[in-house]
There are 4 protein chains.
Amino acid sequence: MSPRTEQQFEDIRREKVEHIKLCALQLFAENGYDTTPISKIAKVAGISKGLIYNYFSSKEELLKEILISGLKNFISFLKIEEIDRIKREEIIAFVDGNLNLLKQNTDYYKLYFSLVMQPKTVQLLENEMRDVFGQIFEKFIHYFEQQGEDQPYVKARYLLAIFDGIGIHYIIDPERFPLDEIQEILITKI
Amino acid sequence: MSPRTEQQFEDIRREKVEHIKLCALQLFAENGYDTTPISKIAKVAGISKGLIYNYFSSKEELLKEILISGLKNFISFLKIEEIDRIKREEIIAFVDGNLNLLKQNTDYYKLYFSLVMQPKTVQLLENEMRDVFGQIFEKFIHYFEQQGEDQPYVKARYLLAIFDGIGIHYIIDPERFPLDEIQEILITKI
Amino acid sequence: MSPRTEQQFEDIRREKVEHIKLCALQLFAENGYDTTPISKIAKVAGISKGLIYNYFSSKEELLKEILISGLKNFISFLKIEEIDRIKREEIIAFVDGNLNLLKQNTDYYKLYFSLVMQPKTVQLLENEMRDVFGQIFEKFIHYFEQQGEDQPYVKARYLLAIFDGIGIHYIIDPERFPLDEIQEILITKI
Amino acid sequence: MSPRTEQQFEDIRREKVEHIKLCALQLFAENGYDTTPISKIAKVAGISKGLIYNYFSSKEELLKEILISGLKNFISFLKIEEIDRIKREEIIAFVDGNLNLLKQNTDYYKLYFSLVMQPKTVQLLENEMRDVFGQIFEKFIHYFEQQGEDQPYVKARYLLAIFDGIGIHYIIDPERFPLDEIQEILITKI
DNA sequence: CATGAATGAGGTTTCATTCAT
DNA sequence: TATGAATGAAACCTCATTCAT
């Protein structure tokens with residue numbers, strides 16, 4: 001048996017990291033971060049408690065990595081960087097994307113919303129969140145300016161608030177919340 | 001120096017209960033329920049840990065009472081029971097009331113939003129919440145029906161979602177969130 | 001049963017603190033700081049693990065308090081503050097005191113010697129130790145200056161080193177180490 | 001490109017063993033045995049954790065080998081076996097050697113002193129230490145007997161204690177401790 | 001009614017050691 | 001020979017809750 005190559009080790013690491021993050025995300029979303037012990041994550045992931053600490057220096061670090069991954073996914077999925085001419089179609093695509101993401105990544109949003117109110121989380125992600133939401137926010141403002149709205153700042157804030165309102169309500173009651181219909185209304189209004 | 005009457009005792013008791021609840025609410029809102037120890041509540045309230053257990057059978061019970069008080073306050077402040085003719089003015093009054101409450105009771109909303117995603121909380125308040133929001137929801141539906149909207153259910157859902165979106169964003173950044181301007185927009189739309 | 005008075009609480013605290021410190025000192029001295037678990041201290045002290053954390057914020061804090069108590073005891077027993085004229089009798093009294101203390105407080109010295117080499121300990125007690133040993137050291141220098149020695153600094157360093165050498169050897173083998181005879185030799189030389 | 005001879009393998013092995021021991025010694029001396037994880041030794045040595053266990057059956061075994069090597073070095077450097085006529089020059093050479101060794105092997109002494117108080121260490125090295133120090137001790141006694149001292153046993157004990165006192169103080173503060181001057185004083189006294 | 005000492009279950013984290021590759 | 005993933009025991013520490021006073 002020849003020793004494993006560096007590549008093999010890296011593969012193992014990456015897979016395990018993803019697996020742990022996924023299990024943890026589900027549990028955090030379902031039961032809350034503080035009320036989910038590491039031991040439970042380990043059990044669900046089918047590994048030992050100790051191994052988690054091979055990959056994440058602490059429970060908080062694990063949380064942070066999950067949240068940051070979610071943000072990155074958000075950015076790449078919505079192609080936020082690429083929206084530069086801020087046309088109507090792009091905004092609509094963004095709205096669509098946002099709500100589609102909500103359907104696909106319910107767990108992430110659940111975690112996100114349950115933590116976003118706590119100062120600890122905000123500190124944890126301060127820079128990352130400022131970056132992402134700052135960008136989106138500016139694009140919305142520009143869009144409303146272009147549209148000739150009189151209070152572009154207010155409108156942008158309002159629209160972002162509506163997104164989160166929809167997000168929360170969908171997450172609380174995904175079965176019955178009429179996401180598709182509301183999506184249409186929202187797009188119509190824009 | 002006559003011994004206190006039963007009424008006086010009752011008053012003292014009620015005052016103390018309210019005091020504890022208020023302190024606990026602030027701490028829960030600021031640091032989260034799970035990360036706020038009873039000992040800290042006791043310290044802030046200026047009493048001993050043990051005494052809290054004279055008034056509340058457990059930490060969870062304390063949380064529950066806080067949440068229910070908040071709901072009751074919500075109900076009475078918005079006079080939900082009395083809205084029966086569901087006229088436009090009443091809906092507007094409701095919207096105004098709701099956002100005013102948000103400004104006054106920021107702590108409560110902070111706690112509420114940080115917990116509302118967790119199944120434990122939902123269980124805790126299942127009945128109470130169904131009552132309150134069920135009522136509001138029905139009234140909204142009726143209102144939109146009256147207005148001749150084609151999807152009153154969807155619209156009602158949407159409006160409630162918007163409320164919570166505004167709530168969350170105001171709570172996260174109360175200094176800069178343009179609550180008053182958005183309030184106007186919202187009323188205009190209705 | 002009337003509630004306990006503040007005085008009673010304070011008495012309990014002081015007693016428990018002393019009891020825990022004593023038990024911990026013995027165990028630390030016997031088995032080393034790092035290899036003595038809190039659980040063992042609790043067992044020996046006849047209390048629960050948790051209670052130790054009522055009185056000491058961490059294991060390291062407990063260690064620190066033990067070491068500082070030892071230093072304070074050292075200071076008061078040897079009346080270091082009062083030695084100001086630095087006469088021969090006083091130095092002799094100091095030597096005697098020092099070695100007597102060694103006999104009585106073997107555990108403390110054991111702990112002290114086993115930790116004094118580790119940077120962590122030095123950091124923990126930096127200020128306290130500088131104070132105490134700085135004073136002693138200066139008095140020794142003055143004494144040797146008075147005696148007309150040509151290298152008072154070197155002599156003072158040497159004497160302190162000898163103390164510690166004797167200390168260590170006595171501690172390692174208290175049964176057979178001829179402390180009394182060496183004490184006499186030391187005094188004769190001074 | 002001929003395959004390595006057994007001798008070459010042996011050399012490689014010995015070199016690696018020495019390398020690991022050296023790294024471990026430095027870390028143990030700096031941070032303490034118990035607070036130095038194997039993983040850190042591996043990292044500093046530039047090898048994997050697992051490989052350490054190819055050369056040493058356990059962490060304790062590694063410690064033991066380090067300590068025994070130190071003792072052997074001590075013996076061979078001071079040529080303890082060869083001191084048989086116990087003349088004054090030999091004792092002086094021993095004193096000189098001892099203090100020179102201290103300057104060169106500070107790390108070893110640091111480790112040695114930090115562990116020598118703990119029963120575990122004493123057990124680990126019981127036989128070896130008895131041999132070495134027993135021999136030295138006897139020679140000192142003989143020397144003092146030869147010199148006509150009235151308490152040769154006490155004097156020998158005293159001298160050994162002084163060595164260790166000097167050692168400790170030098171280790172704690174190698175920059176300022178006047179080792180050379182004290183060396184002279186010591187030799188003068190003998 | 002009021003206190004805080006006391007408990008004990010359970011949480012996070014560390015790390016010596018093993019082992020598949 | 002060499003790697004580091006993986007384990008599991010055991011460490012430190014927290015805190016809701018109880019209870020004697």
Side-chain angles (χ1 to χ4, degrees), chain A residues 1-6 8-13 15-16 34-42 46-62, chain B residues 4 9 12-13 16 34-43 47-62, chain C residues 1-6 8-13 15-16 34-42 46-60 62, chain D residues 9 12-13 16 34-43 47-62:
Chain A
M1 315 281 184
S2 60
R4 274 183 275 225
T5 64
E6 209 158 304
Q8 282 173 311
F9 278 128
E10 203 178 309
D11 289 347
I12 292 175
R13 275 191 87 79
E15 264 178 48
K16 271 284 147 70
D34 289 303
T35 43
T36 303
I38 287 281
S39 59
K40 194 166 187 181
I41 299 171
I47 59 176
S48 68
K49 267 181 304 177
L51 189 55
I52 293 181
Y53 288 88
N54 255 0
Y55 297 110
F56 304 93
S57 63
S58 67
K59 192 185 175 189
E60 194 169 299
E61 174 74 16
L62 170 57
Chain B
R4 277 182 270 225
F9 274 124
I12 291 173
R13 197 181 163 82
K16 208 135 227 179
D34 288 301
T35 43
T36 301
I38 286 280
S39 60
K40 194 167 186 180
I41 299 170
K43 193 178 285 173
I47 58 174
S48 71
K49 264 182 310 184
L51 192 53
I52 291 182
Y53 286 85
N54 267 356
Y55 297 110
F56 305 93
S57 65
S58 70
K59 190 185 177 189
E60 197 169 292
E61 173 73 17
L62 170 56
Chain C
M1 312 285 184
S2 59
R4 273 184 275 224
T5 64
E6 208 158 302
Q8 280 173 314
F9 278 128
E10 202 178 308
D11 289 347
I12 292 174
R13 275 192 87 80
E15 265 177 46
K16 270 283 148 67
D34 289 303
T35 42
T36 302
I38 287 280
S39 59
K40 194 166 187 182
I41 299 171
I47 58 176
S48 69
K49 264 183 305 178
L51 189 55
I52 292 179
Y53 289 89
N54 255 359
Y55 297 110
F56 305 93
S57 63
S58 67
K59 192 185 175 189
E60 194 169 299
L62 169 57
Chain D
F9 275 123
I12 292 173
R13 197 181 163 81
K16 210 136 228 178
D34 289 301
T35 44
T36 301
I38 287 278
S39 59
K40 193 166 188 182
I41 298 170
K43 191 178 288 172
I47 58 174
S48 71
K49 265 181 311 185
L51 192 52
I52 291 183
Y53 286 86
N54 268 355
Y55 297 109
F56 305 93
S57 64
S58 69
K59 190 184 177 191
E60 196 168 294
E61 174 72 17
L62 170 56

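In what follows, every chain begins at residue 1, and chains take the letters A, B, ... in the order their sequences are listed.
- In this structure, the side-chain contact (heavy atoms from CB on, under 4.5 Å) partners of A/Ser58, at least two apart in sequence or on a different chain, are A/Glu60, A/Glu61.
- Pairing each heavy atom of A/Ala42 with each of A/Ser48, the nearest pair is CB-C, 3.7 Å.
- Going from atom OH of B/Tyr55 over to atom CD1 of B/Ile47 covers 7.5 Å, rounded to the nearest 0.5 Å.
- Residues of residues 52-60 of chain C that place a heavy atom closer than 4.0 Å to DNA chain F, in numerical order, are C/Tyr53, C/Ser58, C/Lys59.
- Minimum atom distance to the side chain of A/Ser39 is reached by E/dG11, of the listed E/dG11, F/dT7, E/dG4.
- In this structure, the side chain of A/Gln8 engages the main chain of A/Thr5 through a donor-acceptor pair within 3.5 Å.
- Counting non-hydrogen atoms under 4.0 angstrom, B/Thr35 reaches nothing in the nucleic acid.
- Residues A/Lys16 and A/Leu51 come closest through the heavy atom pair CD-CD2, 4.3 Å.
- Computed from coordinates, the C/Lys40 NZ to F/dC12 P distance equals 12 Å when rounded to whole Å.
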### Message
Once pairs are restricted to Watson-Crick or G-U wobble with both distances under 3.5 Å, how does DNA chain E read as a dot-bracket string, [ ] for crossings and | for other-strand pairs?
### Response
.||||||||||||||||||||
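- Separating the CG atom of C/Asp11 from the C1' atom of E/dA5 is a distance of 14 Å, rounded to the nearest angstrom.
- Between C/Arg4 and C/Ile12, the shortest heavy-atom contact is NH1-CD1, 3.5 Å.
- Distance CD1 (A/Ile47) to P (F/dA5): 12 Å, rounded to an integer number of Å.
- Between D/Ile38 and B/Gly50, the residue anchored closer to the 5' end of DNA chain E is B/Gly50, taking for each the nucleotide with the nearest heavy atom.
- Here the closest non-hydrogen pair linking C/Arg13 and C/Asn54 is NH2-O, 3.4 Å.
- Atoms CZ (A/Phe9) and C1' (E/dC19) sit 11 Å apart, rounded to a whole Å.
- Between A/Arg13 and F/dA5 there is a side-chain N or O to OP1 or OP2 distance below 4.0 Å.
- Between the CD atom of C/Glu15 and the C1' atom of E/dA5 there is a distance of 13 Å, rounded to whole Å.
- Closest-nucleotide positions on DNA chain E for C/Glu6 and D/Pro37 were compared, and the one nearer the 5' end corresponds to C/Glu6.
- When heavy atoms are screened at a 4.0 angstrom cut-off, D/Leu51 is found touching base atoms of the nucleic acid.
- Residues forming a side chain to side chain donor-acceptor pair (under 3.5 Å) with C/Asp11 (at least two apart in sequence, or on another chain): C/Gln7, C/Arg14.
- One atom, CZ of A/Arg4, and another, P of F/dA5, lie 8 Å apart when rounded to the nearest Å.
- Taking the salt bridge (charged side-chain N to carboxylate O under 4.0 Å, His left out) definition, one finds that A/Asp34 meets it with A/Lys120, sequence neighbours left out.
- Atom CG in A/Leu62 sits about 15 Å away from atom C1' in E/dG11, given to the nearest Å.
- Proximity of D/Lys49 to the phosphate of F/dA6: no side-chain N or O atom is located under 4.0 Å from OP1 or OP2.
- As judged by a 4.0 angstrom heavy-atom cut-off over every strand, B/Lys16 is placed among residues touching the sugar-phosphate backbone only.
- Put simply, CG on D/Asp34 is 16 Å from P on E/dT14, counting in whole angstrom units.
- Listed by chain and number, the residues in a side-chain contact (heavy atoms from CB on, under 4.5 Å) with D/Tyr53 are D/Ile38 (sequence neighbours excluded).
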